[in-house]
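Have a look at the structure below, then the notes.
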Amino acid sequence: MNRELLDERYLRMARIWAENSYCKRRQVGALLVKKQMIISDGYNGTPTGFENICETPENVSKPYVLHAEANAISKVAKSSNSSDGATLYVTASPCIECAKLIIQSGIKRVVYAEEYRITDGIDLLRRAGIEVVYKPVE
């Protein structure tokens, strides 16, 4: 199967996974794939054991909300899998903090569907030599 078709399918799956998020402002999903196997998944939300409310009454994201990428990376860290050499599929472009986690976890490729107004995360990934692919939602 060709890479472009797989990229589209995994991004579609990440969009479906984003529906698990309790966040109202934006739901983001992520999948970590290695050798055509999903090794981890994540969506944005509060840490385990916290209430499933991501925003304050003023509709601002709570400072402890985890991004989908961070959840997927944390989840693989608790497993017997390794993210070294994996591809991360994420519905929104990674922020700078998630970009640092992506670099440190050995992920070699990031495919994302929605651009964010701040590009520092994408810029850092490219600077680190990580392949970055933007595939807009169709």
Side-chain angles (χ1 to χ4, degrees):
M1 201 169 295
N2 75 34
R3 183 183 254 188
E4 192 168 317
L5 183 59
L6 284 173
D7 285 351
E8 290 171 11
R9 287 180 178 172
Y10 285 127
L11 272 178
R12 247 188 353 254
M13 292 168 71
R15 280 195 293 277
I16 291 168
W17 201 244
E19 294 173 13
N20 289 315
S21 173
Y22 288 92
C23 296
K24 293 177 182 167
R25 291 179 64 220
R26 173 180 261 188
Q27 293 179 312
V28 180
L31 294 178
L32 260 175
V33 177
K34 190 172 180 179
K35 298 178 183 173
Q36 295 186 12
M37 292 186 330
I38 297 170
I39 60 169
S40 189
D41 53 58
Y43 51 87
N44 57 326
T46 56
T48 303
F50 282 66
E51 73 290 344
N52 286 322
I53 301 169
C54 299
E55 295 86 7
T56 66
E58 295 79 27
N59 201 31
V60 175
S61 288
K62 293 179 179 177
Y64 52 85
V65 169
L66 290 161
H67 289 186
E69 306 93 302
N71 266 326
I73 292 168
S74 301
K75 194 172 181 179
V76 80
K78 290 183 357 182
S79 75
S80 60
N81 286 316
S82 167
S83 56
D84 195 39
T87 297
L88 175 69
Y89 293 90
V90 62
T91 58
S93 60
C95 70
I96 189 99
E97 293 302 318
C98 288
K100 291 187 271 185
L101 291 173
I102 291 165
I103 293 164
Q104 289 301 99
S105 66
I107 294 167
K108 296 299 179 205
R109 189 166 178 264
V110 174
V111 181
Y112 69 100
E114 297 171 21
E115 291 192 306
Y116 189 62
R117 60 183 167 78
I118 302 169
T119 63
D120 54 359
I122 294 297
D123 298 339
L124 185 64
L125 292 173
R126 288 190 173 123
R127 182 175 171 200
I130 293 173
E131 181 184 352
V132 178
V133 179
Y134 170 53
K135 291 196 76 59
V137 177
E138 295 175 5

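For A99 against G121, the heavy-atom pair with the smallest separation is CB-O, 3.4 Å. Contact record, G42 with W17: O-CD1, 3.3 Å, taken as the closest heavy-atom pair. The heavy-atom pair separating S83 from L32 by the smallest distance is CB-CD1, 4.1 Å. Across S40 and K75, no two heavy atoms sit closer than the pair OG-CB, 3.4 Å. Between R25 and S61, the shortest heavy-atom distance links the atoms NH1-OG, 3.0 Å. When every heavy atom of L5 is checked against every heavy atom of N2, the shortest pair comes out as N-OD1, 2.7 Å.
The number of heavy-atom neighbours closer than 6.0 Å to CD of E4, taken from other residues, nucleotides and ligands shown, is 12 or below. Enclosure of atom NZ in K24 is not indicated, since only 12 or fewer non-hydrogen atoms of other residues, nucleotides or ligands lie within 6.0 angstrom. Within 6.0 Å of CD in E131 there are more than 12 heavy atoms belonging to other residues, nucleotides or ligands.
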side-chain contact (heavy atoms from CB on, under 4.5 Å) between I16 and R12, intermediate numbers included | CA-CA 6 Å; I16 291 168; R12 247 188 353 254; 5.5 Å; no
N81 and K34: side-chain contact (heavy atoms from CB on, under 4.5 Å), yes or no, with the steps?
-> CA-CA 10 Å; N81 286 316; K34 190 172 180 179; over 6 Å; no
For C54 and K62, run side-chain contact (heavy atoms from CB on, under 4.5 Å): C-alpha distance rounded to whole Å, both residues' side-chain angles, the deciding distance at 0.1 Å, then the answer.
-> CA-CA 6 Å; C54 299; K62 293 179 179 177; over 6 Å; no
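Note: L66 CG to C23 SG = 9.5 Å, rounded to the nearest 0.5 Å. Within the model, atoms CE of M13 and CG of D41 stand 9.5 Å from one another, a figure rounded to the nearest 0.5 Å. Here R26 contributes atom CZ and H67 contributes atom NE2; the two are 9.5 Å apart, rounded to the nearest 0.5 Å. D7 contributes atom CG, which lies 7.5 Å from atom OG1 of T87 (distance to the nearest 0.5 angstrom). From I53, atom CD1 reaches atom OG1 of T46 across 8.5 Å, with rounding to the nearest 0.5 Å. Put simply, CG on L31 and OH on Y10 are 8.5 Å apart, with the number rounded to the nearest 0.5 Å.
With E69 contributing its side chain and V90 its backbone, the two residues share no donor-acceptor pair below 3.5 Å. No donor-acceptor pair closer than 3.5 Å links the side chain of T119 to the backbone N or O of D123. Checked by atom type and distance alone, the side chain of T91 never pairs as donor or acceptor with a backbone atom of R15 at under 3.5 Å. Within the 3.5 Å criterion, the main-chain N or O of V65 finds no donor-acceptor partner in the side chain of N44.
In the model, N71 has no side-chain atom that pairs as donor or acceptor with a side-chain atom of Y43 under 3.5 Å.
Under the 4.5 Å side-chain contact rule for hydrophobic residues, V76 and I103 share a cluster. When the side chains of ILVMFWY residues are joined at heavy-atom separations under 4.5 Å, either directly or via intervening members, I107 and V111 end up in two distinct hydrophobic clusters. There is no path of hydrophobic side-chain contacts, each under 4.5 Å, that joins V133 to I122. In the hydrophobic clustering of this structure, I96 groups with Y134; members are Ile, Leu, Val, Met, Phe, Trp, Tyr whose side-chain heavy atoms approach within less than 4.5 Å, directly or through other members.
Under the 4.5 Å side-chain criterion, counting only non-hydrogen atoms from C-beta, L88 is not in contact with Y112. With a 4.5 Å cut-off on side-chain heavy atoms, Y64 and P47 count as touching. With a 4.5 Å cut-off on side-chain heavy atoms, Y89 and R109 count as touching. Side-chain contact check for V33 versus L6: every heavy-atom pair is 4.5 Å or farther apart.
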